[in-house]
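To start, the structure itself, in structure tokens.
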Amino acid sequence: MNVRYLVVPTADAAGGARSARFGEKTLLWVPAEQRLGRASRTVPGLLLVTQVGRSFQDEYPDVTPLLDHGRHLVISSADKPRRRSNHHWRIEALRPNTTVVDHQTASAARVDPVVADLVGEVSTASYQSDLTWLASLPTRHSLSTTFTQAMDFASDRMVALGYQAARTPINVGAGHSADLIGDRAGVGVDRKLVIITAHLDSINIAGGPAAAAPGADDNGSGSAGVLELGRLLSTRSWQHDIRLILFGGEEEGLFGSKQYVAALPPAERSRVRAVLNMDMIATKNTATPGVLLEGAAVSSGQIADLATAAATYTGLTVETSLNPFASDHVPFINAGIPAVLTIEGGDSANGHIHSANDTLNFIDWSLAAEILRMNIAALAGWLEPAAVQRRPQPAGSVVSWGPGRIDVFAVGMDSALHHKAFDGTWHDFESLGGIVQGVSGGPAP
């Protein structure tokens, strides 16, 4: 059925027409015989394209999108190619009255000093060192010897940080590769599991398996991010278990993550509190630093946590999508496990991936650091810092150690030191014991 469509600013979208929202733009459509506005056009139907980078546009350069929102395009059904999808793009009917991409305006939360300290320890130098080494290899194709070298490097880094590292063999088509898994146990009693993932492999689609594929952004940036987050988390004790995973076979069709999820026992699946997947986090494609948080309804809570973390601890512009595609979060979501992809904003403007041109020259270290700050803040909430029992040490009678946080110290009639705390509500006095010398009623100095 022919339809008449019109793209308008989201703020101007009115009722009465079918709609699909893409951030700050909304596409409206009605049957072709109805009026929609002077600028409207008629097409046979509307299709939604989800792509990795510019994969669809590179393959079909003669197709002009009706709406271009980077990772998501709308095209006319008259331009529908014979193939419905491959590993790097997908075509489906555009569903009416849906939000494909939402422009998030999450409110900042109260800064937690413990989390703020952790966020402040994100090291661009450490991250840059790991990513530079990974991108120095000629390729990290899943079936190459240099992929094994990359896995050796990452395994050594995990072990040095105190993780128990192991490799799981996987099949990639007719070939063999592996996933790398690093575990660190929490200290809580009823422990959940938080998984941090990226794919380690790279690819040169035009050149083939032997061609140069440095994969600096796709996905050395995410792999180095796993190592950096693993480093930060190793400096603290947490209630819940941490699992770092670097997958193989992602570029050929999510082989590593599909086989990992398929082999995950039901009891282990039920323990997973969140999966954080990083894929392309280090190329700035937009005027302001941005990130897309992509998941599904099952991971909407985790998406909200990340958006709040971004608003509280970073200057990132955040968009969200519940239209998951083509990265290692998808097999988890398909299994009902809450997983979220963090990916640089406007990734379709990055025309260097999947080629010999995906080099360090196009890496924006400050953007990667901002996304890592958002991620570590959310991870701290999911993992929950282990309680550290400390007797407050007064620096005076009233101590403010953060916004809305106050400690009051006073000497009681028993000459012992007492402590009262405020963290949004007042807590009862607690006795710290001892005898404070030189006060009325206590021993003379």
Side-chain angles (χ1 to χ4, degrees), residues 1-10 12-13 16-103 203-206 218 251-254 279-280 285-286 292 294 319-327 330 341 343-355 357:
M1 179 183 72
N2 290 350
V3 299
R4 183 172 291 276
Y5 78 92
L6 181 66
V7 177
V8 300
T10 293
D12 295 342
R18 296 178 178 180
S19 65
R21 180 180 177 187
F22 297 80
E24 296 179 345
K25 293 182 178 180
T26 293
L27 189 145
L28 306 174
W29 71 99
V30 295
E33 61 273 14
Q34 293 185 18
R35 300 173 64 89
L36 189 59
R38 183 174 299 176
S40 62
R41 296 291 182 269
T42 300
V43 292
L46 301 169
L47 298 174
L48 174 66
V49 177
T50 307
Q51 61 178 347
V52 176
R54 290 182 53 86
S55 55
F56 178 84
Q57 288 165 295
D58 289 343
E59 190 168 348
Y60 298 98
D62 295 334
V63 174
T64 300
L66 309 180
L67 183 149
D68 185 343
H69 194 78
R71 187 169 171 83
H72 303 95
L73 312 171
V74 177
I75 66 172
S76 167
S77 60
D79 293 324
K80 174 179 147 183
R82 291 184 178 180
R83 284 195 296 168
R84 296 295 299 272
S85 66
N86 65 12
H87 301 320
H88 301 113
W89 54 263
R90 175 183 67 197
I91 294 180
E92 58 193 310
L94 181 63
R95 290 174 295 164
N97 307 324
T98 186
T99 297
V100 180
V101 179
D102 197 5
H103 185 76
I203 198 169
N204 185 324
I205 291 177
D218 188 15
E251 296 288 10
E252 292 80 12
L254 312 183
D279 195 348
M280 297 171 58
N285 308 303
T286 52
L292 173 68
E294 182 183 279
E319 289 190 324
T320 63
S321 175
L322 301 182
N323 189 47
F325 178 66
S327 193
V330 175
L341 167 68
I343 184 170
E344 64 203 30
D347 66 293
S348 72
N350 182 347
H352 309 293
I353 64 169
H354 300 161
S355 75
N357 297 322

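Because the structure is a prediction, the values reported are computed rather than measured.
Rounded to the nearest 0.5 angstrom, L28 CG and Y5 OH are separated by 12.0 Å. E344 CD to D279 CG: the interatomic distance, rounded to the nearest 0.5 Å, is 9.0 Å. To the nearest 0.5 Å, atom OG of residue S76 and atom CG of residue L47 are 7.5 Å apart. Summarising the geometry, atom CG belonging to D218 is positioned 5.0 Å from atom CD1 belonging to I353; distances are rounded to the nearest 0.5 Å. Separation of atoms CG (L94) and OG (S77) is listed at 11.0 Å; rounding is to 0.5 Å. How far NE2 of H103 is from CD of E319: 6.5 Å, rounded to the nearest 0.5 Å.
When side chains are defined from C-beta on, L66 counts as touching L46, because their heavy atoms get closer than 4.5 Å. Considering only heavy atoms from C-beta on, E294 comes within 4.5 Å of P324 through its side chain. Taking the side chain as every heavy atom from C-beta outward, H88 and I205 approach each other to under 4.5 Å. Side-chain contact check for P65 versus V74: every heavy-atom pair is 4.5 Å or farther apart. No side-chain heavy atom of T320 sits less than 4.5 Å from a side-chain heavy atom of V101. At least one side-chain heavy atom of N86 sits less than 4.5 Å from a side-chain heavy atom of E59. Between M280 and N350 the shortest side-chain heavy-atom distance falls below 4.5 Å. Side-chain contact between N2 and V43 is absent, with no heavy atoms from C-beta onward closer than 4.5 Å.
Of the possible polar contacts, none joining the T98 side chain to the V100 backbone as a donor-acceptor pair under 3.5 Å is found. With hydrogens and angles ignored, the 3.5 Å screen pairs a side-chain donor or acceptor of R71 with a backbone N or O of F325. A donor-acceptor pair under 3.5 Å links the side-chain atoms of R41 to the main chain of A39, judged by distance alone.
Heavy atoms only, all atoms of each residue included: A32 and T42 are closest at CB-CG2, 4.0 Å. The two residues S327 and L341 make their nearest non-hydrogen contact at OG-CD1, 4.0 Å. The two atoms that bring V52 and A326 nearest to each other are CG2-CB, 3.5 Å, heavy atoms only. The shortest heavy-atom contact between V30 and A17 is CG1-CB, 3.7 Å. N285 approaches A349 most closely through the heavy-atom pair CB-CB, 3.8 Å. The two residues L6 and S40 make their nearest non-hydrogen contact at CD1-N, 3.8 Å.
The 12-atom threshold is not exceeded at CZ of R35, counting heavy atoms of other residues, nucleotides or ligands nearer than 6.0 Å. More than 12 heavy-atom neighbours from other residues, nucleotides or ligands sit within 6.0 angstrom of CZ on R21. More than 12 heavy atoms of other residues, nucleotides or ligands shown are found within 6.0 angstrom of CD on Q34.
For the 3.5 Å distance criterion, the side chains of N204 and H354 fail to qualify, holding no donor opposite an acceptor. Side chains of H72 and Q51: a donor-acceptor N/O pair is absent below 3.5 angstrom, by distance only. Between the side chains of S19 and T26, no donor-acceptor pair is found at a separation under 3.5 Å. Using a 3.5 Å distance cut-off with no hydrogens or angles, the side chains of N323 and T50 do pair a donor with an acceptor.
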* Asked: Does the pair I91 and L48 meet the rule for a side chain to side chain contact (heavy atoms under 4.5 Å, CB included), with working shown?
  -> CA-CA 6 Å; I91 294 180; L48 174 66; over 6 Å; no

* Audit row: I75, T64, side chain to side chain contact (heavy atoms under 4.5 Å, CB included) steps and yes/no -> CA-CA 7 Å; I75 66 172; T64 300; over 6 Å; no

* Check against side chain to side chain contact (heavy atoms under 4.5 Å, CB included), F22 and L73 -> CA-CA 9 Å; F22 297 80; L73 312 171; over 6 Å; no

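Ring centroid separation for the pair W89 and F56 comes in under the 6.0 Å cut-off.
Every residue was checked against the side chain to side chain donor-acceptor pair (under 3.5 Å) condition with D347, not counting sequence neighbours, and none meets it. Checked against ring pair (Phe, Tyr, Trp, His ring centres under 6.0 Å), H69 has no partners two or more places apart in sequence or in another chain. In this structure D68 satisfies the side chain to side chain donor-acceptor pair (under 3.5 Å) test together with Q57, sequence neighbours excluded.
A salt bridge is absent between R4 and E33: the closest approach of a Lys/Arg side-chain nitrogen to an acidic carboxylate oxygen does not fall below 4.0 angstrom.
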